[in-house]
Amino acid sequence: MKILNKEELLIAEGVLLKHLPKSFKVYGFIYGINRKKPSTLEIVVDAWPDFKVIVCRPDPKNTRASALVKKVAYYSMDEQMLREMLTEENAVDWSASSFYIGGFDASHAAMLKEVSSTRGVNSRIYTTVHLLYLPDSSHLPTPAADSNLESRISSLDLSHVDLVNQTWKFGGNKQGYMNIENLISHFPSYCITDDRGQPVSWILVYNYCALGILYTVPEHRGRGYAKVLISSMARRLRTDGYPVYCFIEEGNMGSYKLFTNLGFVEDPSYRAAWLEFNF
C-alpha cells in the first residue's frame, strides 16, 4: 500500500478520468486536491503506478480531520484486491468511532459488511443512491430574457453558513457548520435572493465536486428556482473544467426527475451506497 504524493495524484486523476462515471466520487476528491482545495484526506493505493484500488481516507496528521465526521471513499477495479486492502493492509481504520464509507458500488455492500463483522464492527446501509451525470450541457435552459431572475443569482457567502446548515438534511450541528463553511469558502455556490437580498434557494458543490445541498425555502417553491440553479451551476462547472454529477437518494423521485429532465443520465444497472460503521 502506498500514500500518493502531489505528482502521483495528478497521474491518478488522469487514470480515474478513464473510469467515469463509477469513479466520479474519488475523481472529484482528487480533482479538488489537485487544484489546491483544502482537504483533510490522504490518498492510498494498492500498488503504483498500476493500481487497482484507490482509497480516500482521513489523514491522521491533519488536525482538522479529527473534528469532522470520519468518511472514507474508494474506487475499485478488483474486488479481491479491495478485500485484501481492507483486511490485510488496513486501508481503513476499523477502530474509528462512527465512520462512513460512501459513494461506493452498492454491489460491494455485502463484502464490506462481512469484513467489518470479522473486526467486530457493526454496520448498516445509510442510503442507496442514483449516480447522475451530465454528458452535454448545451441544452440547459437559461432564465427568460424578460425575467429578473438573472439579476438575483449570486454566490453564497459566509454570512449564509448558518442558514444553509440549519436547513441541510445532514447538518444542524457544529460539524455541519464547519462543512458548509468550507464549501462556501472554497467551492462554487449559487443562490437566488428575494427582494431584501436574502437567499431563498441555493445549491452548493461538495468537496468531492458533486452538486448538492439543493434547497428552496418552502414559501418560494414552485417557481422553477431549482431548475435555474442546477442549470447555472452545471454550466459554470463545465466551463471551469469540473466534473458535473450528483447523487440522488433512491425514493427521491422529485429530485431524480428534476435532474433527468435537465439532461442528467445514469447507468440504470448501477447504484452507489453509503454504509455507516461503529454507530
Side-chain angles (χ1 to χ4, degrees), residues 4 9-35 37 39 41 43 45-46 50-56 71-79 81-82 100-109 111-112 125-140 183 187-188 203-214 230-231 233-275:
L4 299 188
L9 284 171
L10 291 169
I11 297 170
E13 180 185 325
V15 173
L16 291 169
L17 184 61
K18 300 174 184 176
H19 292 271
L20 300 178
K22 293 181 180 180
S23 64
F24 257 128
K25 188 172 185 185
V26 174
Y27 174 81
F29 272 131
I30 293 177
Y31 182 94
I33 292 169
N34 285 341
R35 284 149 188 83
K37 302 296 184 183
S39 175
L41 300 173
I43 314 300
V45 292
D46 61 305
D50 299 318
F51 64 88
K52 297 296 182 184
V53 179
I54 183 165
V55 180
C56 307
K71 299 177 183 177
V72 175
Y74 71 81
Y75 174 67
S76 173
M77 299 173 248
D78 184 325
E79 187 169 337
M81 182 57 68
L82 173 63
Y100 298 84
I101 298 179
F104 64 87
D105 186 332
S107 69
H108 294 165
M111 183 271 289
L112 291 169
I125 291 287
Y126 190 69
T127 187
T128 305
V129 300
H130 300 272
L131 169 56
L132 299 176
Y133 61 98
L134 187 68
D136 179 13
S137 60
S138 62
H139 302 299
L140 290 169
L183 298 183
F187 292 85
I203 190 168
L204 285 79
V205 173
Y206 287 108
N207 57 350
Y208 47 91
C209 296
L211 293 164
I213 317 182
L214 176 66
I230 295 167
S231 301
M233 182 62 80
R235 271 193 298 271
R236 175 178 173 183
L237 294 179
R238 183 59 59 89
T239 298
D240 292 348
Y242 282 81
V244 185
Y245 76 106
C246 65
F247 293 108
I248 302 294
E249 288 187 275
E250 282 194 327
N252 187 350
M253 292 309 299
S255 290
Y256 181 84
K257 290 179 180 178
L258 175 62
F259 278 87
T260 54
N261 286 343
L262 289 171
F264 283 73
V265 300
E266 67 171 335
D267 174 353
S269 68
Y270 180 81
R271 289 291 182 275
W274 267 250
L275 269 173

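For Y242 and Y31, the ring centers are positioned less than 6.0 Å apart.
The number of heavy-atom neighbours closer than 6.0 Å to NZ of K52, taken from other residues, nucleotides and ligands shown, is 12 or below.
Identified under the salt bridge (Lys or Arg N to Asp or Glu O under 4.0 Å) test for residues 250-264, with sequence neighbours left out: E250-R271. Contacts classified as salt bridge (Lys or Arg N to Asp or Glu O under 4.0 Å) and involving residues 11-31 (residues at least two apart or in different chains) are given here: E13-R35.
Taking the six-membered ring where the residue is Trp, H108 and Y74 present parallel rings, their angle staying beneath 30° rather than reaching 60°. Relative orientation of the Y100 and Y126 rings is perpendicular, given thresholds of 30° and 60° on the angle between their planes.
Between L82 and F104, every side-chain heavy-atom pair lies at or beyond the 4.5 Å cut-off. Contact check for D105 versus Y270: side-chain heavy atoms found under the 4.5 Å cut-off. Taking 4.5 Å as the limit, some side-chain heavy atom of L134 sits within range of a side-chain heavy atom of L140. Considering only heavy atoms from C-beta on, I125 comes within 4.5 Å of L275 through its side chain. Here the side chains of E266 and L131 are not in contact, with every heavy-atom distance at 4.5 Å or above. Looking only at side-chain heavy atoms (C-beta outward), Y245 and Y27 stay at 4.5 Å or farther from each other. In this structure the side chain of L211 reaches within 4.5 angstrom of the side chain of F264, judged on heavy atoms.
Here I30 contributes atom CD1 and I11 contributes atom CD1; the two are 11.5 Å apart, rounded to the nearest 0.5 Å. Once rounded to the nearest 0.5 Å, the distance linking SG of C209 with CZ of F187 reads 5.5 Å. With rounding to the nearest 0.5 Å, the separation of CD1 in I230 from CG in L214 is 5.0 Å. Rounding to the nearest 0.5 angstrom, the gap separating the CZ atom in F29 from the CG atom in N34 is 13.5 Å.
In terms of heavy atoms, E249 sits closest to V129 at CA-CG1, 3.8 Å. Taking each heavy atom of C56 and L41 in turn, the nearest pair found is CB-CD1, 4.0 Å. The two atoms that bring R238 and P135 nearest to each other are NH1-O, 3.7 Å, heavy atoms only. Here the closest heavy-atom approach between residue S231 and residue L262 is recorded as OG-CD2, 3.7 Å.
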Passes side-chain contact (heavy atoms from CB on, under 4.5 Å), Y133 versus V265? Steps please.
CA-CA 6 Å; Y133 61 98; V265 300; 3.7 Å; yes
Derivation and outcome, side-chain contact (heavy atoms from CB on, under 4.5 Å), residues M233 and V205:
CA-CA 9 Å; M233 182 62 80; V205 173; 3.9 Å; yes
Between I54 and L4, does a side-chain contact (heavy atoms from CB on, under 4.5 Å) hold up when you go through it step by step?
CA-CA 10 Å; I54 183 165; L4 299 188; 4.2 Å; yes
Pair I213-Y206, side-chain contact (heavy atoms from CB on, under 4.5 Å): steps then yes or no:
CA-CA 8 Å; I213 317 182; Y206 287 108; 3.5 Å; yes
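Side-chain atoms of S23 come within 3.5 Å of backbone N or O of L16 as a donor-acceptor pair. The backbone N or O of G32 lies less than 3.5 Å from no partner atom in the side chain of N207, so there is not a single donor-acceptor pair.
In this view, D136 and S138 satisfy the side-chain hydrogen bond (donor to acceptor under 3.5 Å, both in side chains) rule, not counting sequence neighbours.
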